[in-house]
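Step one of this worksheet: look at the structure below.
For the single chain, residues carry numbers from 1 onward in sequence order.
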Amino acid sequence: MSHDGHASAFGGRQEPRTAAEQLARTVARLRTELDDQQRTIPGRDAVERARGVLMGRLGMTPREAREELQARAASAGRTLVEEAWALLAAHGPALSAAGTPLPGGKENAGGDTADEFAQGLEEQLAGSAGVDALLVYVRSPGGGLDLVAHAGVDTALASAWGHLPPIRDLAPFEAVNLRRPVWMSDLHKGTAGRPLVGDCPETWPSRAWVPMRRREDVVGVVGFLRRRPDAFDAADRALVQAAARVCTACAEPAAAPDSAADRAPALQVVFDCLREAVVLLVPVRGRSGEVTDFRIEAAAPASVDAAGRTGRELVGLRVLECDPAVAGTPLWHGCLHALTTGEPYESDASDDPGITCGGPDPAVRHAVRAVRLGDALVVSWPPQAAAGQEAERLRRLQYLGNLGWADWDLATDALQWSPQVYAIFDRDPALGPIPMDELARQLFPEDLPAAGAAAQALLASGQPVDVPFRIRTAHGTRHLRFVAEAVIGAEGRPVAVHGFYQDLTAQRNEQIALDEARRAFGARQRGPSAEQALARRLQDALLPLPARSFDLPGLNCDVSYLPAGASIQIGGDWFSAVELPDGSTLLGVGDVAGHGIEAVATMAGLRHGAEAMALSGTPPQRVLERLNHALMSKGTATATMLLAQYRPGTGILTWARAGHLPILHLRDGHAVFLAQPDGRILGASHESAYGQATAELRSGDRLFLFTDGLVGRRGQDLDAGLERLSRAAESVAGGDSATVALRVTEALVPADPGDDSCLLCVRVTA
């Protein structure tokens with residue numbers, strides 16, 4: 001990670017980029033060396049005195065005593081200094097962090113059992129640190145603590161507190177979880193309701209709980225209890241912390257929790273399958289237990305550092321070796337908080353502007369999430385779309401729905417419109433929004449009463465409104481809809497209005513065309529030629545045919561529609577091809593049973609209903625379920641339908657059908673029909689269920705979506721018609737994409753067809 005605009009994940013070795021960073025690293029190194037030297041002084045003294053014990057008791061030479069001490073430390077899994085302290089505790093005059101013998105040291109303080117060892121240690125600490133009781137707990141697999149040794153407490157109390165459940169408020173768990181000692185003094189003054197091990201604050205008013213460590217793992221905790229209320233001073237604290245290190249001899253190796261480093265190889269196998277950037281971080285701790293750095297133990301392939309290393313190349317590297325500037329940032333503190341408390345840390349992408357971590361697209365920002373896993377952290381960088389992408393999606397949604405938002409601040413009378421509202425009102429954006437009083441003058445006079453009443457209800461009492469009205473523009477009359485709600489202020493009156501305008505002109509024109517058709521067909525006063533002309537007008541209004549092929553995301557589309565030649569009535573065949581807000585494309589064809597106005601009305605409702613639900617994100621099979629319920633509620637019509645959704649980013653086509661004919665797929669000159677998912681015709685049963693199928697498409701593939709008028713013939717088997725379509729598609733595979741649909745239709749449909757036919761031909765371009 002970096003804060004100068006350079007992308008950097010947890011990993012990668014980089015040289016300091018500024019003189020200040022070089023100086024900071026030099027100072028940190030020198031300080032560490034000085035601290036190490038100061039810490040080793042008492043340790044060296046303890047080692048020398050332990051060698052003296054071995055030489056005096058076993059008659060060894062200095063060299064033999066040192067080798068014996070090293071062998072004992074290696075066998076016990078302790079450092080040389082820790083083994084020296086353990087030896088001195090068992091063969092006093094022992095144990096002193098300052099390098100001086102403890103007063104009152106006793107011979108043979110150790111014993112054959114853990115309790116005898118604890119008893120000897122407690123006797124050593126009684127005179128020097130005033131410790132009256134000792135409790136040694138190790139971590140259990142279930143997350144609790146088990147008592148393995150004690151001294152200075154009776155058997156009943158030890159039995160009652162032999163197992164501590166994982167209660168966060170208990171001081172032993174605080175010491176284990178925070179990985180640092182907890183000092184408690186003068187409990188006579190009250191514990192504020194905090195539970196105490198053994199209760200009895202009057203018996204041991206001063207206590208210390210010190211975590212036991214085996215290398216970097218906390219394996220348990222030691223409690224040092226005193227009868228006097230005095231606080232542990234610096235010398236006492238050093239002494240009991242040294243004693244806690246000796247007590248690790250009471251903890252079996254199996255009691256230590258699984259280390260994240262041990263689980264890293266298995267986690268790496270999982271990480272290799274992840275798409276986003278994810279790393280497993282194990283804390284690197286200083287001598288006092290504080291986190292000084294993090295080490296990468298596993299990394300997903302998308303994880304990358306500034307040097308370009310990715311995935312497994314990052315394993316073993318440390319964070320501050322890669323970028324010292326990470327220390328002290330919100331991300332650094334968030335990771336420490338997650339490691340300490342177990343609460344996940346999440347940031348917005350804006351919190352760490354330098355992080356891209358695996359995303360080559362500069363328009364994609366990444367948030368950060370850190371979650372504790374045992375004694376480690378899993379840190380991930382889930383991608384977030386840039387603000388510009390979200391704005392573009394909103395713009396496309398407004399365009400496709402032909403609607404736009406409007407805000408009105410009643411206190412300042414300031415108006416704001418989205419760009420689509422200007423298009424709806426046919427107004428130059430440079431002129432700004434139309435003032436409300438001027439807008440009222442543009443309404444048709446007969447629409448003013450209803451619009452005025454709605455505005456009065458909205459502004460006076462804050463009632464939501466949904467009102468239609470008409471305006472005149474340079475391009476003719478437009479039918480609009482205004483939906484709004486008010487923001488109520490502290491005084492209970494509206495202070496702002498948020499709403500949207502929607503252009504319903506196209507839907508209104510369709511309704512007008514339907515009404516006109518109903519009147520014409522009801523009167524039966526016109527001749528066949530007039531009825532055919534009316535049919536063509538109604539066809540153009542409800543199902544306008546493109547004059548040429550057109551492009552949609554990843555697709556080139558061509559449509560052919562041929563009405564029945566012997567009938568003056570329009571059938572219910574239709575097609576749909578629209579872009580959806582998420583960048584995918586909806587493709588569909590359908591056929592309503594029968595002819596006439598009712599079939600046309602049902603066709604228009606199904607087509608627009610399917611498009612509207614798809615625009616809102618409803619998948620194809622759910623669209624069919626809802627349309628089936630809608631037809632069943634009316635009980636007057638049935639229809640077949642096929643809906644498909646194509647995602648150009650993945651090349652995946654997802655489709656569902658309701659009793660419709662299959663999709664014909666043409667690849668490399670060979671045509672096959674895609675396997676059909678289950679799906680009964682719409683309007684047949686409330687219990688109809690609709691399946692869904694997928695296929696992976698490639699550039700150059702063609703799809704043919706059609707109605708039964710294209711392949712059906714009276715007295716002929718439908719399979720024969722499907723075979724003719726397959727051969728016709730293969731014959732024009734290499735032709736011009738703009739003419740494929742028409743050429744296939746001409747090859748299959750007679751000059752005077754008995755039924756409507758609709759063919760949507762699609763070529764995959766990406």
Side-chain angles (χ1 to χ4, degrees), residues 391-489 493-519 537-538 540-542 544 578 581 604 608 611-612 615-616:
E392 175 60 17
R393 290 176 181 173
L394 179 60
R395 184 198 67 78
R396 291 168 61 187
L397 180 61
Q398 293 182 73
Y399 171 76
L400 294 170
N402 206 1
L403 55 85
W405 57 263
D407 290 337
W408 184 13
D409 188 331
L410 300 180
T412 62
D413 203 34
L415 280 168
Q416 283 188 312
W417 281 3
S418 69
Q420 190 62 26
V421 179
Y422 290 98
I424 291 173
F425 280 87
D426 199 13
R427 183 177 175 84
D428 185 354
L431 300 176
I434 301 176
M436 298 305 292
D437 55 350
E438 182 180 335
L439 177 61
R441 292 195 294 269
Q442 294 194 20
L443 270 65
F444 278 52
E446 52 269 34
D447 295 340
L448 277 173
Q456 180 64 26
L458 176 67
L459 300 177
S461 58
Q463 297 180 17
V465 299
D466 186 346
V467 57
F469 62 93
R470 294 167 294 171
I471 62 171
R472 293 185 178 89
T473 70
H475 294 85
T477 299
R478 289 192 175 173
H479 297 262
L480 306 184
R481 174 194 183 197
F482 181 58
V483 178
E485 61 181 5
V487 177
I488 306 300
R493 298 184 59 82
V495 296
V497 173
H498 302 306
F500 68 85
Y501 292 97
Q502 184 176 20
D503 189 351
L504 302 176
T505 305
Q507 294 90 319
R508 181 57 180 163
N509 288 342
E510 290 180 359
Q511 185 62 46
I512 292 174
L514 285 172
D515 292 341
E516 182 179 349
R518 285 193 180 95
R519 289 193 297 270
R537 290 175 55 193
L538 190 58
D540 292 338
L542 296 179
V578 296
H608 290 296
E611 292 179 352
L615 286 170
S616 68

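Under a 3.5 Å cut-off, the side chain of Thr505 and the backbone N or O of Arg478 do not form any donor-acceptor pair. In this structure, Thr477 contributes its side chain and Arg472 its backbone to no donor-acceptor pair below 3.5 Å.
Nearest heavy-atom pair across Leu439 and Leu443 is O-CD1, 3.1 Å. Between Gly404 and Gln420, the shortest heavy-atom contact is CA-CB, 4.2 Å. Heavy-atom minimum distance, Ile424 versus Leu403: CD1-CA, 3.8 Å. A pairwise comparison of heavy atoms in Val497 and Ala484 identifies CG1-CB, 3.9 Å as the closest pair.
Contacts of Glu485 classified as side-chain contact (heavy atoms from CB on, under 4.5 Å), with partners at least two apart in sequence or in another chain: none. Shown here are the salt bridge (Lys or Arg N to Asp or Glu O under 4.0 Å) partners of Asp466, two or more places apart in sequence or in another chain: Arg481. For Trp408, the side chain to side chain donor-acceptor pair (under 3.5 Å) criterion is met by Asp413, not counting sequence neighbours. Shown here are the side-chain contact (heavy atoms from CB on, under 4.5 Å) partners of Pro435, two or more places apart in sequence or in another chain: Asp437, Glu438. Remark: Val487 pairs with Val495, Ala496, His498 by the side-chain contact (heavy atoms from CB on, under 4.5 Å) rule, at least two apart or across chains. Contacts of Asp447 classified as salt bridge (Lys or Arg N to Asp or Glu O under 4.0 Å), with partners at least two apart in sequence or in another chain: Arg470. Partners of Phe500 according to the ring pair (Phe, Tyr, Trp, His ring centres under 6.0 Å) rule, which considers only residues two or more places apart in sequence or in another chain, do not exist here.
Note on residues 439-475: no pairs pass ring-ring contact (aromatic ring centres under 6.0 Å, His included), not counting sequence neighbours. A salt bridge (Lys or Arg N to Asp or Glu O under 4.0 Å) check over residues 422-435, counting only residues at least two apart or in different chains, returns nothing. Pairs of residues two or more places apart, or lying in two chains, never qualify as salt bridge (Lys or Arg N to Asp or Glu O under 4.0 Å) while including a residue from residues 452-465.
Two residues are said to be in side-chain contact when any heavy atoms from C-beta on lie closer than 4.5 Å; Gln502 and Val483 fail this criterion. Two residues are said to be in side-chain contact when any heavy atoms from C-beta on lie closer than 4.5 Å; Tyr422 and Leu431 fail this criterion. Leu504 places none of its side-chain heavy atoms less than 4.5 Å from the side chain of Pro468. Using a 4.5 Å heavy-atom cutoff, the side chains of Leu415 and Met436 are in contact.
The distance from atom CG of Leu480 to atom CZ of Phe482, rounded to the nearest 0.5 Å, is 11.0 Å. Here the CD1 atom belonging to Ile434 is positioned 6.5 Å from the CD1 atom belonging to Ile471, to the nearest 0.5 angstrom.
Relative orientation of the Tyr501 and Phe425 rings is perpendicular, given thresholds of 30° and 60° on the angle between their planes.
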Can I get a per-line list of side-chain donor-acceptor pairs under 3.5 Å for residues 452-464, giving both atom names and the distance, sequence neighbours left out?
{"from": "Ser461", "atom 1": "OG", "to": "Ala457", "atom 2": "O", "distance (Å)": "3.0"}
{"from": "Ser461", "atom 1": "OG", "to": "Gln463", "atom 2": "NE2", "distance (Å)": "3.3"}

